[in-house]
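Written out below as C-alpha coordinates is the structure these notes cover.
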Protein chains: 2
Amino acid sequence: MKRRNTIQRNLVLEAIRTMKSHVTAEEVFEFIRKNHPHIGKGTIYRNLGILAEEGEIRRVEIPDGPDRFDFTLKDHYHVRCIRCGEVFDVKMDALSDLMSKVRGPRGMEFLDYDISFKGICPDCRTE
Amino acid sequence: MKRRNTIQRNLVLEAIRTMKSHVTAEEVFEFIRKNHPHIGKGTIYRNLGILAEEGEIRRVEIPDGPDRFDFTLKDHYHVRCIRCGEVFDVKMDALSDLMSKVRGPRGMEFLDYDISFKGICPDCRTE
DNA sequence: ATACATGCAAAGAATTTGCAGCTTG
DNA sequence: CAAGCTGCAAATTCTTTGCATGTAT
(Lines give C-alpha, C1' and ligand atoms only; values in the text may rest on other atoms or scores of the structure.)
Protein backbone atom coordinates (compact mmCIF):
# COMPACT_ATOMS: atom_id res chain seq x y z
CA MET A 1 0.00 0.00 0.00
CA LYS A 2 2.19 2.72 -1.32
CA ARG A 3 1.10 6.15 -0.21
CA ARG A 4 0.14 8.95 -2.53
CA ASN A 5 0.69 12.59 -2.18
CA THR A 6 -2.80 14.00 -2.23
CA ILE A 7 -4.00 17.56 -1.85
CA GLN A 8 -6.16 16.56 1.09
CA ARG A 9 -3.37 14.84 2.95
CA ASN A 10 -1.21 17.91 2.60
CA LEU A 11 -4.05 20.12 3.77
CA VAL A 12 -4.42 18.07 6.92
CA LEU A 13 -0.71 18.18 7.68
CA GLU A 14 -0.66 21.88 6.93
CA ALA A 15 -3.60 22.45 9.25
CA ILE A 16 -1.93 20.66 12.15
CA ARG A 17 1.17 22.73 11.59
CA THR A 18 -0.76 25.97 11.44
CA MET A 19 -3.34 25.52 14.15
CA LYS A 20 -2.69 25.61 17.85
CA SER A 21 -1.67 22.45 19.61
CA HIS A 22 -3.78 19.42 20.43
CA VAL A 23 -6.63 19.98 18.00
CA THR A 24 -9.47 17.56 17.44
CA ALA A 25 -10.40 15.99 14.12
CA GLU A 26 -13.52 18.14 14.19
CA GLU A 27 -11.43 21.31 14.51
CA VAL A 28 -9.19 20.29 11.65
CA PHE A 29 -12.28 19.59 9.59
CA GLU A 30 -13.79 23.02 10.26
CA PHE A 31 -10.48 24.70 9.60
CA ILE A 32 -9.90 23.10 6.24
CA ARG A 33 -13.53 23.39 5.26
CA LYS A 34 -13.23 27.15 5.16
CA ASN A 35 -11.17 26.98 2.00
CA HIS A 36 -12.21 23.56 0.78
CA PRO A 37 -15.91 23.19 1.47
CA HIS A 38 -16.16 19.79 -0.12
CA ILE A 39 -13.63 17.93 1.95
CA GLY A 40 -15.19 14.98 3.75
CA LYS A 41 -14.85 14.26 7.43
CA GLY A 42 -13.88 10.69 6.65
CA THR A 43 -10.93 12.02 4.71
CA ILE A 44 -9.83 14.02 7.73
CA TYR A 45 -9.98 10.99 9.97
CA ARG A 46 -8.24 8.79 7.45
CA ASN A 47 -5.42 11.24 6.91
CA LEU A 48 -4.95 12.03 10.57
CA GLY A 49 -4.58 8.31 11.11
CA ILE A 50 -2.10 7.89 8.27
CA LEU A 51 -0.01 10.89 9.29
CA ALA A 52 0.10 9.71 12.87
CA GLU A 53 1.13 6.26 11.74
CA GLU A 54 3.91 7.72 9.63
CA GLY A 55 5.08 9.76 12.56
CA GLU A 56 4.40 13.11 10.90
CA ILE A 57 2.03 14.08 13.69
CA ARG A 58 1.23 12.72 17.11
CA ARG A 59 -2.10 11.31 18.23
CA VAL A 60 -2.90 12.06 21.84
CA GLU A 61 -5.67 9.98 23.31
CA ILE A 62 -7.58 11.93 25.89
CA PRO A 63 -9.61 9.90 28.36
CA ASP A 64 -13.19 10.93 28.13
CA GLY A 65 -12.88 13.08 25.04
CA PRO A 66 -12.02 12.98 21.36
CA ASP A 67 -8.47 12.28 20.24
CA ARG A 68 -6.21 15.27 19.79
CA PHE A 69 -3.42 15.77 17.28
CA ASP A 70 -0.15 17.55 17.79
CA PHE A 71 2.64 18.61 15.59
CA THR A 72 5.02 18.89 18.49
CA LEU A 73 7.73 16.30 18.42
CA LYS A 74 9.18 16.33 21.91
CA ASP A 75 7.49 14.40 24.64
CA HIS A 76 5.05 16.22 26.78
CA TYR A 77 1.84 15.37 28.55
CA HIS A 78 -1.60 16.84 28.93
CA VAL A 79 -4.16 17.89 31.50
CA ARG A 80 -7.82 17.84 30.73
CA CYS A 81 -10.14 20.17 32.61
CA ILE A 82 -12.94 18.07 34.01
CA ARG A 83 -15.31 21.02 33.86
CA CYS A 84 -14.91 22.43 30.36
CA GLY A 85 -13.01 19.64 28.64
CA GLU A 86 -10.22 21.92 27.42
CA VAL A 87 -6.82 20.28 27.10
CA PHE A 88 -3.55 21.96 28.07
CA ASP A 89 0.08 21.02 27.77
CA VAL A 90 1.97 20.29 30.94
CA LYS A 91 5.65 20.17 31.51
CA MET A 92 7.35 17.62 33.67
CA ASP A 93 10.90 16.44 33.99
CA ALA A 94 11.45 13.31 32.00
CA LEU A 95 10.53 10.26 33.98
CA SER A 96 13.50 8.05 34.37
CA ASP A 97 12.93 5.22 32.01
CA LEU A 98 9.43 4.22 32.83
CA MET A 99 9.40 1.52 30.22
CA SER A 100 12.07 -0.46 31.98
CA LYS A 101 10.31 -0.25 35.31
CA VAL A 102 7.00 -1.78 34.34
CA ARG A 103 6.20 -5.37 35.09
CA GLY A 104 3.37 -6.95 33.22
CA PRO A 105 2.24 -10.46 32.32
CA ARG A 106 5.14 -12.68 31.31
CA GLY A 107 5.93 -12.16 27.68
CA MET A 108 4.17 -8.84 27.34
CA GLU A 109 5.90 -6.49 24.96
CA PHE A 110 5.63 -2.86 26.02
CA LEU A 111 5.58 -0.35 23.21
CA ASP A 112 4.48 2.99 24.52
CA TYR A 113 2.88 4.82 27.37
CA ASP A 114 1.11 8.04 28.07
CA ILE A 115 0.38 9.99 31.18
CA SER A 116 -2.74 12.08 31.38
CA PHE A 117 -3.70 14.43 34.13
CA LYS A 118 -7.05 15.74 35.21
CA GLY A 119 -7.70 19.03 36.84
CA ILE A 120 -9.64 22.24 36.85
CA CYS A 121 -8.41 25.04 34.65
CA PRO A 122 -7.97 28.62 35.87
CA ASP A 123 -11.09 29.85 34.09
CA CYS A 124 -13.31 27.16 35.53
CA ARG A 125 -11.97 27.61 39.04
CA THR A 126 -13.03 31.21 39.23
CA GLU A 127 -16.53 30.63 37.97
CA MET B 1 -29.65 14.51 45.68
CA LYS B 2 -29.65 12.03 48.48
CA ARG B 3 -28.74 8.57 47.31
CA ARG B 4 -30.97 5.58 47.67
CA ASN B 5 -30.11 2.02 48.30
CA THR B 6 -31.52 0.21 45.31
CA ILE B 7 -31.38 -3.43 44.36
CA GLN B 8 -29.76 -2.55 41.05
CA ARG B 9 -27.03 -0.45 42.60
CA ASN B 10 -26.13 -3.28 44.91
CA LEU B 11 -26.11 -5.73 42.05
CA VAL B 12 -23.63 -3.59 40.17
CA LEU B 13 -21.33 -3.26 43.16
CA GLU B 14 -21.64 -6.96 43.83
CA ALA B 15 -20.78 -7.73 40.22
CA ILE B 16 -17.63 -5.64 40.30
CA ARG B 17 -16.60 -7.38 43.49
CA THR B 18 -17.27 -10.81 42.07
CA MET B 19 -16.01 -10.53 38.54
CA LYS B 20 -12.40 -10.38 37.49
CA SER B 21 -10.65 -7.04 37.37
CA HIS B 22 -11.13 -4.23 34.89
CA VAL B 23 -14.47 -5.21 33.46
CA THR B 24 -16.42 -3.15 30.98
CA ALA B 25 -19.96 -1.84 31.48
CA GLU B 26 -21.05 -4.30 28.84
CA GLU B 27 -19.56 -7.22 30.78
CA VAL B 28 -21.25 -6.09 33.97
CA PHE B 29 -24.50 -5.83 32.06
CA GLU B 30 -24.23 -9.36 30.70
CA PHE B 31 -23.24 -10.70 34.09
CA ILE B 32 -26.16 -9.20 35.95
CA ARG B 33 -28.58 -9.93 33.17
CA LYS B 34 -28.19 -13.64 33.75
CA ASN B 35 -30.13 -13.40 36.98
CA HIS B 36 -32.00 -10.16 36.33
CA PRO B 37 -33.02 -10.19 32.69
CA HIS B 38 -34.89 -6.91 32.90
CA ILE B 39 -32.09 -4.68 34.10
CA GLY B 40 -31.41 -1.84 31.68
CA LYS B 41 -28.04 -0.93 30.31
CA GLY B 42 -28.64 2.68 31.25
CA THR B 43 -28.98 1.58 34.85
CA ILE B 44 -25.61 -0.15 34.66
CA TYR B 45 -23.92 2.96 33.30
CA ARG B 46 -25.64 5.23 35.81
CA ASN B 47 -24.66 3.08 38.74
CA LEU B 48 -21.11 2.52 37.62
CA GLY B 49 -20.82 6.29 37.44
CA ILE B 50 -22.33 6.81 40.86
CA LEU B 51 -20.22 4.12 42.51
CA ALA B 52 -17.07 5.49 40.94
CA GLU B 53 -17.97 8.96 42.09
CA GLU B 54 -18.51 7.70 45.60
CA GLY B 55 -15.17 5.92 45.52
CA GLU B 56 -16.67 2.48 45.93
CA ILE B 57 -15.11 1.38 42.66
CA ARG B 58 -12.52 2.80 40.32
CA ARG B 59 -13.09 3.89 36.74
CA VAL B 60 -10.13 3.24 34.47
CA GLU B 61 -10.24 5.10 31.20
CA ILE B 62 -8.57 3.12 28.48
CA PRO B 63 -7.46 5.03 25.43
CA ASP B 64 -9.16 3.61 22.42
CA GLY B 65 -11.52 1.31 24.25
CA PRO B 66 -14.45 1.28 26.61
CA ASP B 67 -13.98 2.34 30.23
CA ARG B 68 -13.11 -0.40 32.69
CA PHE B 69 -14.10 -0.72 36.31
CA ASP B 70 -12.07 -2.09 39.15
CA PHE B 71 -12.72 -2.97 42.71
CA THR B 72 -9.04 -2.88 43.54
CA LEU B 73 -8.15 -0.05 45.84
CA LYS B 74 -4.39 0.24 45.60
CA ASP B 75 -2.86 2.14 42.73
CA HIS B 76 -1.83 0.23 39.73
CA TYR B 77 -1.73 0.86 36.01
CA HIS B 78 -2.75 -0.95 32.85
CA VAL B 79 -1.46 -2.11 29.48
CA ARG B 80 -3.74 -2.50 26.56
CA CYS B 81 -2.83 -4.94 23.83
CA ILE B 82 -3.02 -3.06 20.55
CA ARG B 83 -3.87 -6.24 18.71
CA CYS B 84 -6.66 -7.84 20.71
CA GLY B 85 -7.68 -4.98 22.99
CA GLU B 86 -7.31 -7.01 26.16
CA VAL B 87 -6.32 -5.05 29.24
CA PHE B 88 -3.83 -6.29 31.85
CA ASP B 89 -2.61 -5.00 35.16
CA VAL B 90 0.97 -3.86 35.37
CA LYS B 91 3.10 -3.33 38.41
CA MET B 92 5.51 -0.48 38.83
CA ASP B 93 7.21 1.05 41.79
CA ALA B 94 5.35 4.09 42.98
CA LEU B 95 6.38 7.16 41.07
CA SER B 96 7.75 9.73 43.41
CA ASP B 97 5.05 12.29 43.74
CA LEU B 98 4.22 12.98 40.15
CA MET B 99 1.57 15.48 41.11
CA SER B 100 4.09 17.85 42.60
CA LYS B 101 6.34 17.67 39.56
CA VAL B 102 3.87 18.79 36.92
CA ARG B 103 3.81 22.31 35.65
CA GLY B 104 0.72 23.46 33.84
CA PRO B 105 -0.94 26.76 32.99
CA ARG B 106 -0.82 29.24 35.85
CA GLY B 107 -3.67 28.56 38.24
CA MET B 108 -4.38 25.03 37.03
CA GLU B 109 -5.50 22.72 39.79
CA PHE B 110 -4.28 19.17 39.32
CA LEU B 111 -6.53 16.48 40.68
CA ASP B 112 -5.48 13.15 39.35
CA TYR B 113 -3.44 11.32 36.77
CA ASP B 114 -3.24 8.01 35.08
CA ILE B 115 -0.59 6.17 33.16
CA SER B 116 -1.55 3.81 30.43
CA PHE B 117 0.72 1.55 28.51
CA LYS B 118 0.37 -0.04 25.13
CA GLY B 119 1.88 -3.26 24.06
CA ILE B 120 1.39 -6.64 22.55
CA CYS B 121 0.29 -9.45 24.81
CA PRO B 122 1.95 -12.88 24.89
CA ASP B 123 -0.88 -14.53 23.00
CA CYS B 124 -0.84 -12.02 20.19
CA ARG B 125 2.93 -12.09 19.86
CA THR B 126 3.02 -15.76 19.08
CA GLU B 127 0.32 -15.63 16.45
C1' DA C 1 -3.78 1.59 -16.23
C1' DT C 2 -4.51 0.65 -11.69
C1' DA C 3 -4.02 0.96 -6.99
C1' DC C 4 -4.87 4.18 -3.77
C1' DA C 5 -7.98 8.22 -2.25
C1' DT C 6 -11.86 10.91 -2.06
C1' DG C 7 -16.77 12.60 -0.82
C1' DC C 8 -20.81 11.29 0.91
C1' DA C 9 -23.85 8.84 3.61
C1' DA C 10 -24.74 5.21 6.47
C1' DA C 11 -23.10 2.20 10.12
C1' DG C 12 -20.81 1.31 14.55
C1' DA C 13 -19.38 1.51 19.33
C1' DA C 14 -19.78 3.52 23.78
C1' DT C 15 -22.34 6.21 26.52
C1' DT C 16 -26.03 9.52 27.81
C1' DT C 17 -30.64 11.13 28.19
C1' DG C 18 -35.92 11.81 28.15
C1' DC C 19 -39.72 10.07 30.12
C1' DA C 20 -43.59 7.54 32.30
C1' DG C 21 -44.00 4.61 35.90
C1' DC C 22 -42.09 2.38 40.12
C1' DT C 23 -39.49 2.46 44.86
C1' DT C 24 -37.29 3.95 48.77
C1' DG C 25 -36.96 6.77 52.80
C1' DC D 1 -45.81 11.27 49.06
C1' DA D 2 -41.70 13.29 47.08
C1' DA D 3 -37.18 12.66 45.55
C1' DG D 4 -34.61 9.25 43.39
C1' DC D 5 -34.46 5.39 40.33
C1' DT D 6 -35.66 2.21 36.83
C1' DG D 7 -36.40 0.12 32.08
C1' DC D 8 -36.72 1.21 27.58
C1' DA D 9 -35.77 3.49 23.49
C1' DA D 10 -34.06 7.21 21.17
C1' DA D 11 -30.35 10.49 20.95
C1' DT D 12 -25.37 11.90 21.14
C1' DT D 13 -20.66 11.76 20.25
C1' DC D 14 -16.70 10.20 18.01
C1' DT D 15 -14.98 7.40 14.51
C1' DT D 16 -15.04 3.92 10.83
C1' DT D 17 -16.65 1.98 6.55
C1' DG D 18 -18.95 0.87 1.88
C1' DC D 19 -19.15 2.38 -2.44
C1' DA D 20 -19.03 4.76 -6.85
C1' DT D 21 -16.07 7.93 -8.70
C1' DG D 22 -11.71 10.51 -9.04
C1' DT D 23 -6.60 10.98 -9.42
C1' DA D 24 -1.59 10.34 -8.64
C1' DT D 25 2.04 7.51 -10.25
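Everything numeric in this text was worked out from a predicted model, so none of it was measured. Side chains included, hydrogens not; waters and symmetry mates left out as well; all remaining heavy atoms used.
- In this entry the distance linking CD1 of B/I50 with C1' of D/dC5 reads 8 Å, nearest Å.
- Ranked by how close their nearest DNA chain C nucleotide is to the 5' end, B/T24 and B/T6 are led by B/T24.
- The distance between atom CD1 of B/I44 and atom P of D/dC5, rounded to the nearest whole Å, is 15 Å.
- Here the side chain of B/R3 is nearest to one of C/dC4, D/dC5, C/dT6, namely D/dC5.
- Contact annotation: B/Q8 reaches the phosphate of D/dG7 (side-chain N/O to OP1 or OP2, under 4.0 Å).
- Proximity of B/N47 to the phosphate of D/dT6: a side-chain N or O atom is located under 4.0 Å from OP1 or OP2.
- When rounded to the nearest whole Å, the span between CG of B/L11 and C1' of D/dC5 equals 14 Å.
- Residues A/K118 and B/D112 are not paired through a salt bridge, judged by the lack of any N-O separation under 4.0 Å between the basic side chain and the carboxylate.
- The two residues B/I16 and B/D70 make their nearest non-hydrogen contact at CG2-C, 3.8 Å.
- Atom CG of A/D67 is separated from atom P of D/dC14 by 11 Å (rounded to the nearest Å).
- Spacing between atom CG of B/D64 and atom P of C/dA14 amounts to 10 Å, rounded to whole angstrom units.
- The residue A/R46 sits close to a base: some heavy atom pair falls under 4.0 Å.
- For A/R4, taking side-chain heavy atoms from C-beta onward, the closest of the listed nucleotides C/dT15, D/dA24, D/dG7 is D/dA24.
- Closest to the side chain of B/T43, from the set D/dT25, D/dT6, C/dG7, is D/dT6.
- Residue A/H38 has a polar side-chain atom (N or O) positioned under 4.0 Å from OP1 or OP2 of C/dC8.
- When all heavy atoms are compared, the tightest approach of A/R4 to A/R9 is O-NH2, 2.9 Å.
- Checking the phosphate oxygens (OP1, OP2) of D/dT16, no side-chain nitrogen or oxygen of A/Y45 falls inside 4.0 Å.
- Heavy atoms from other residues, nucleotides or ligands lying under 6.0 Å from NZ of A/K91 number 12 at most.
- Two residues, B/K2 and B/G40, neighbour DNA chain D, and the one matched to the more 5' nucleotide by heavy-atom proximity is B/K2.
- Under the side chain to side chain donor-acceptor pair (under 3.5 Å) criterion, A/E30 pairs with A/R33, sequence neighbours left out.
- Between the CD1 atom of B/I32 and the C1' atom of D/dT6 there is a distance of 13 Å, given to the nearest Å.
- One interatomic measurement links the two molecules: CG of B/N10 to C1' of D/dG4, which rounds to 15 Å at whole-angstrom precision.
- Distance CD1 (A/I62) to P (D/dT13): 19 Å, rounded to an integer number of Å.
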